[in-house]
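Note sheet for the following structure.
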Number of protein chains: 2
Amino acid sequence: MPKSTLFNLPEKKRKRITKTLVKHFAHKPYSEVDIEDIAQESNVSKGSMYQYFENKRDMYFYAITETLNKYLKVIEKIDFKSMSFFDYIKRGFEFYWKFLLNDRDAYLLMEKTALYNDSPYRKEVEKIYHSKSQEILKKIIIENQKAGFIRGDVNPETIMIFIDGASWNLKKAILKIAQEKGVPIHKLPKEVIESAQNEFLKLLENGIATKK
Amino acid sequence: MPKSTLFNLPEKKRKRITKTLVKHFAHKPYSEVDIEDIAQESNVSKGSMYQYFENKRDMYFYAITETLNKYLKVIEKIDFKSMSFFDYIKRGFEFYWKFLLNDRDAYLLMEKTALYNDSPYRKEVEKIYHSKSQEILKKIIIENQKAGFIRGDVNPETIMIFIDGASWNLKKAILKIAQEKGVPIHKLPKEVIESAQNEFLKLLENGIATKK
DNA sequence: CAGTATTGTGACTCATAAGTCATAATTAAA
DNA sequence: TTTAATTATGACTTATGAGTCACAATACTG
């Protein structure tokens, strides 16, 4: 946990530091992140960083939880009770892209946390991601199973894992398309994203098998 | 690429080194792997390691490609043209677990490379890994669309992405179960793995929506 | 078996970066 | 305005580990 000094800081300064932390941990493997760099980029001395945080690990976890919380705040605004599960997923994607456009680094850090994190703290980090992000999804699935929208003959945990995995891959794929075309995602034709999403939803809803 | 000296080595020695490399890169993040340790464990001096390889990166890529090739050799034996898609997936899982039991470290390295790899060479590595296994998968999907087993109204690329993501996550989840129970994966009751797989196939086949 | 070539070695260099700390600057309190 | 408390700083310490290299051991050759 960051020291209290961090929270005594003027808002602006703290945000600057947070942003830089997120950026650096999003773009480099843990061991290659240099606190000195972060300090400089935040217009703060390295010594100060150690006034605000216990150590590097502390900075890393702070960056991750801040990001995750920010994302959750967005996602939790969706009132899943007022819509079908598939609309919810659709809406979730929308919010997700918005989040991504607003703060690319935050997105990258989340992606890394969920997918490739290989820091010395991988297991701890995975636990945080699971409890914060996957649990919400699971809750909604259970809710929808009760309401009869989602099949009840499969473990909600499995469904959650299924969706989480597939949807991350979709996000990745869309980013890859953008990258290959050499355009930023927000310049990717809306149809491209929408059609990918719709196909994804079709598969999610009814599976890949041919229907008679 | 390793230097020629590596390949002049007696088979036994080279294998010992390879095995140690795989083990270390499988268990620790790239930056925490210490060449000195590897050298010692292989009964070789650190200096020698640098006779055989250009540098650390070289050792890493050698470990990875060796492992991948070994796995592909196994996977390519499956004659996927003669079976339905769902059998293929099932068979794929089987091979995967077998590989895991036979050569744990190799398995772990593959998993890490594909799932959490966060080395400075992540993107290069991803290219090597993904293209191969995804390509095979995509081919099979197209084949099965033609044969009428898989719906034809969705882009095969999307289906591939969907399956790839979901199934990786499933593997991850099974590993997590094992970990939570504190047992190694090969001691996990067969039913646990099988039921997870079956549920996965159900979702894949018919989707998550309630069927009337 | 002398001489040449190849391979093995580990002490050493060198760069890097985490974390500390004495001191300076700033702010708050009296 | 003086004093006390808090916060900022960056030079310094220290640990680490990649990569080198001069020399030793071993193998090859004629």
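Everything quoted here is computed from the prediction, not taken from an experiment. Reminder, nothing fancy here: chain letters follow the sequence lines and each chain counts from 1.
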>> Parallel, tilted or perpendicular, judged at 30° and 60°: which one describes the rings of A:Phe162 and B:Phe162?
In response: perpendicular
>> Would you say that A:Thr113 contacts A:Leu68 through its side chain, given a criterion of any heavy-atom pair below 4.5 Å between the two side chains?
In response: no
> Does the ring center of A:Phe95 lie less than 6.0 Å from the ring center of A:Tyr71?
Replying inline: no
> Within 45 degrees of the axis of the six-membered ring of B:Tyr30 and under 6.0 Å from its centre: does B:Lys112 put its NZ or CZ there?
Replying inline: no
>> Let's see if you can work this out: which of C:dG8, D:dT7, D:dA18 has an atom nearest to the side-chain heavy atoms of A:Thr5?
In response: D:dT7
> Would one find a side-chain N or O of B:Asn8 under 4.0 angstrom from OP1 or OP2 of C:dT6?
Replying inline: no
> Which residues, if any, of residues 21-55 of chain A bring a heavy atom under 4.0 Å of DNA chain D?
Replying inline: A:Val44, A:Ser45, A:Gly47, A:Ser48, A:Gln51, A:Tyr52
> What integer distance in Å separates A:Met59:CE from C:dA17:P?
Replying inline: 14 Å
>> Classify A:Lys13 by what it touches in the nucleic acid, base, sugar-phosphate, or nothing, heavy-atom distance under 4.0 Å.
In response: sugar-phosphate
>> Can you tell me which residue among A:Arg16, A:Lys19, A:Lys23 is in a salt bridge (charged side-chain N to carboxylate O under 4.0 Å, His left out) with A:Glu41?
In response: A:Lys23
> So how far is it from A:Ser42 OG to A:Ile35 CD1, rounded to the nearest 0.5 Å?
Replying inline: 10.0 Å
>> Can you measure A:Phe7 atom CZ to D:dT6 atom P for me and round it to whole angstrom units?
In response: 19 Å
> Taking OH from A:Tyr60 and P from C:dA17, how many angstroms apart are they, rounded to a whole number?
Replying inline: 18 Å
